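To start, the structure itself, in structure tokens.
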Amino acid sequence: MSSLRCIAKHPAISLIESSTTLNELKQIHTQLLVNSLLNDHHLLGQFVASIALHNPNNLYYSNHVLSQCPNPTLFTFNSMIRAYSKSSTPHKSFHFYKRILRSDDNLSPDNYTFNFLVRTCAQLSARETGPSVHCAVVKHGFENDPHIQSGLIFMYAELGWLSSCHQVFGEIPEPDVVCQTAIVSACAKCGDVGFARELFDKMPQRDPIAWNAMIAGYAQCGKSREALNLFHLMQMEGVKVNQVCMVSVLSACSHLGALDQGRWAHAYIERNKLPMTLTLGTALIDMYAKCGDMNKAMEVFWGMSEKNVYTWSSAMSGLTMNGFGKKCLELFSLMKQDGIHPNEVTFVSVLRGCSVVGLVDEGREHFDSMRRVYGLEPQLEHYGCMVDLYSRAGRLDEALNFINSMPIKPHAGAWGALLNACRMYKNRELGELASRKIVELEAKNHGAYVLLSNIYADSKNWDAVSNVREIMKAKGVRKLPGCSVLEIDGEVHEFLVGDKSHPRYNEIELMLGEISRRLKLAGYVANTNPVLFDIEEEEKEDALCQHSEKVAIAFGLISLREGMPIRIVKNLRVCWDCHDVTKLISRLFNREIIVRDRNRFHHFKDGECSCKGYW
DNA sequence: CTAGGGTTAG
């Protein structure tokens, strides 16, 4: 075995690279000690580096071995910095940087050192360390290293300092495609997608990664249509599409709720045999979940051989969003059995699941376990979920107590959950309090006014209703115009409230009349009171036909084959009247109607909705 | 023997 000492890669190193458990590492370590191989400083350093690079979960073991290493080399230190830059405690990289500077062997940091340190700073998003590392880069004369340059752009983008990105980029005489892509990505990340696109269009050569960066940029800032358009352009130009790109494409489909396009993307992945990575599988689950096809989402989920916390959380969030609170909680148990550690995001779904199912005590236990068992500090979202949990169960006083005992200042969302319950349980007094608090926090929160006015309308207090309306006018509170989208054969049809510009509007109008006729026959009386002032106020239109999702449903009925569910994505929450009407339509027309509003899904079937009337 | 740009959940 000792004859192998001179070979660059010792067989033990290969073993380390493939070992995942601490025990395996310890065995190799013992083996090396037995063979006296670790007296060789070079091999010991390589051993430390290999553990660090290939066993990121066992970094403390690298530290342990390193402590037995009398004179680590620069290579060893660099490897430790690199490993820590990717760990959950990136700041520890600096410990090794200091050791380089203080070393007895007169080590001095090299281009590798700084490259890794820059990545550490990006990871840290720390406002001071980034620029000081940048200074050190200049001081040591590495500012012309292209690896470090692209790293600096990435780092400043993570900090949100777009002008610094531009400055670094501007000082590169002939930036290569990597640095050009980095600046495109930085602009998109920092909110200037328009400029990112200009730079992208000006790139003399665009490789697949550059395309992906631009598509991802669009997807991340919510410009999903642009993301898909660029993806189609990419295909027309014959650029090779890979699995990373498809993650962004699926993400765009998720946001749009575009099931047809999402299905197409899935088929494309299979047709082109793109590797089904963990990330890609997770993106697929998210796409199906956000498009309302939870069966398919779970099919993908169960088919995945490896799942991480993102995968589980995506599935769990999809289940609660689609009204399967109980299944979400079951999945949470399985996840823990699988040894996956939940994080803050996971708990949002857990608490929402409890809320939907009405498990107040269990929810409380999960909430308490966040800190006690998992060391997770509850965030505003979790407090909001707890308020919703109590509120939904009708325990409004407990909800209020919970808000009042929050260690952080309650946000509009917490009061909003209470206000929503006040509408459900017709509690005028508490509703007034909640909406006053919301307006204090967000003077132009349209939803708060609407819910309050609905509470007044329910108690037929019309003076108060018009008073709220006056206040809104005085404060210039504007609501977002309602908009519903549905996809027919992959083509997206958008319906804005009151907009009659659709080429088939005549047919739609006929169908709206037919709906109206059947509803009346079924004994439906338009609930006109709340319509006086609704989530989607529209004064001039006929009360029954005004809201965008009704128009979209009518269009769905005339353009989708019988038996095909109508899938609608709405930018606002569904109003009471539309909810009632949609339930009826699902029965009268024997049609499944799936509406994604801004918070959750409503699956309407046989006159019932999956939300059971609380949303 | 170590490096660069693009990807997922609330």
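In what follows, chains carry the letters A, B, and so on, assigned in the order in which the sequence lines appear, proteins first and then strands, with residues in each chain numbered from 1. Small disclaimer: the values here were computed from a predicted structure and weren't measured. Both backbone and side-chain heavy atoms feed into the values below; hydrogens, waters and symmetry mates do not.
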Side-chain donor/acceptor of [X] to base of [N], under 3.5 Å:
X        : N     : result
A:Asp176 : B:dG4 : yes
A:Gln149 : B:dG4 : no
A:Thr181 : B:dG5 : yes
A:Asn212 : B:dG5 : no

With a 4.0 Å limit, can you tell me whether [X] has a side-chain N or O closer than that to the phosphate oxygens OP1/OP2 of [N]?
X        : N     : value
A:Lys86  : B:dT2 : no
A:Arg119 : B:dG5 : yes
A:Lys307 : B:dA9 : no
A:Gln243 : B:dG6 : no
A:Gln220 : B:dT7 : yes

Please determine if A:Lys327 and A:Glu330 form a salt bridge, counting it only when a charged side-chain N lies under 4.0 Å from a carboxylate O.
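Judged by the 4.0 Å cut-off on N to carboxylate O distance, A:Lys327 and A:Glu330 do not form a salt bridge.
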For the backbone of A:Phe200 and the side chain of A:Arg206, can you confirm whether one donor and one acceptor N or O come within less than 3.5 Å of each other?
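Yes, because the side chain of A:Arg206 sits within donor-acceptor range (under 3.5 Å) of the backbone of A:Phe200.
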A:Arg197: partners by salt bridge (charged side-chain N to carboxylate O under 4.0 Å, His left out), with sequence neighbours left out
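Partners of A:Arg197 under the salt bridge (charged side-chain N to carboxylate O under 4.0 Å, His left out) test: A:Asp201.
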[X] side chain: which of [options] is closest?
X        : options              : answer
A:Thr279 : B:dT2, B:dG6, B:dT8  : B:dT8
A:Asp110 : B:dT8, B:dT2, B:dG5  : B:dT2
A:Val247 : B:dG5, B:dA9, B:dT8  : B:dT8
A:Ser79  : B:dG4, B:dG10, B:dT2 : B:dT2
A:Ala182 : B:dG5, B:dG10, B:dT2 : B:dG5
A:Ser150 : B:dG4, B:dG6, B:dT8  : B:dG4
A:Ala216 : B:dG10, B:dG4, B:dT7 : B:dT7
A:Asn78  : B:dA9, B:dT2, B:dG10 : B:dT2
A:Ser317 : B:dT7, B:dT8, B:dA9  : B:dA9
A:Val309 : B:dG10, B:dA9, B:dC1 : B:dA9

Any base atoms under 4.0 Å from [X], or only sugar-phosphate, or nothing? Heavy atoms, all strands.
X        : answer
A:Phe347 : nothing
A:Val177 : base
A:Ala49  : nothing
A:Glu344 : base
A:Cys179 : base

Is atom NZ of A:Lys326 surrounded by more than 12 heavy atoms (other residues, nucleotides or ligands) closer than 6.0 Å?
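Counting neighbours around NZ of A:Lys326, 12 or fewer heavy atoms of other residues, nucleotides or ligands fall under 6.0 Å, so no.
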Rounded to the nearest angstrom, tell me the gap between atom [atom1] in [X] and atom [atom2] in [N].
X        : N      : atom1 : atom2 : answer
A:His255 : B:dT7  : NE2   : P     : 13 Å
A:Leu319 : B:dA9  : CG    : C1'   : 13 Å
A:Glu158 : B:dG6  : CD    : P     : 8 Å
A:Leu274 : B:dT7  : CG    : P     : 17 Å
A:Asn308 : B:dT8  : CG    : C1'   : 8 Å
A:Tyr310 : B:dG10 : OH    : P     : 11 Å
A:Phe301 : B:dT8  : CZ    : P     : 19 Å

Using only heavy-atom distances, determine whether the side chains of [X] and [Y] contain a donor-acceptor pair under 3.5 Å.
X        : Y        : answer
A:Asp597 : A:His602 : yes
A:Ser251 : A:Ser254 : no
A:Asp388 : A:Ser391 : no

How about A:His95 and A:Tyr84: are their ring centroids closer than 6.0 Å?
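No, the ring of A:His95 stays outside the 6.0 Å limit from the ring of A:Tyr84, centre to centre.
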Does anything in residues 160-172 of chain A come within less than 4.0 Å of DNA chain B? Heavy atoms only, and list the residues if so.
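Hits under 4.0 Å, by residue number: none.
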Look up atom CE in A:Met214 and atom SG in A:Cys245, then write down how far apart they are to the nearest 0.5 Å.
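Atom-to-atom, A:Met214:CE and A:Cys245:SG are 12.5 Å apart.
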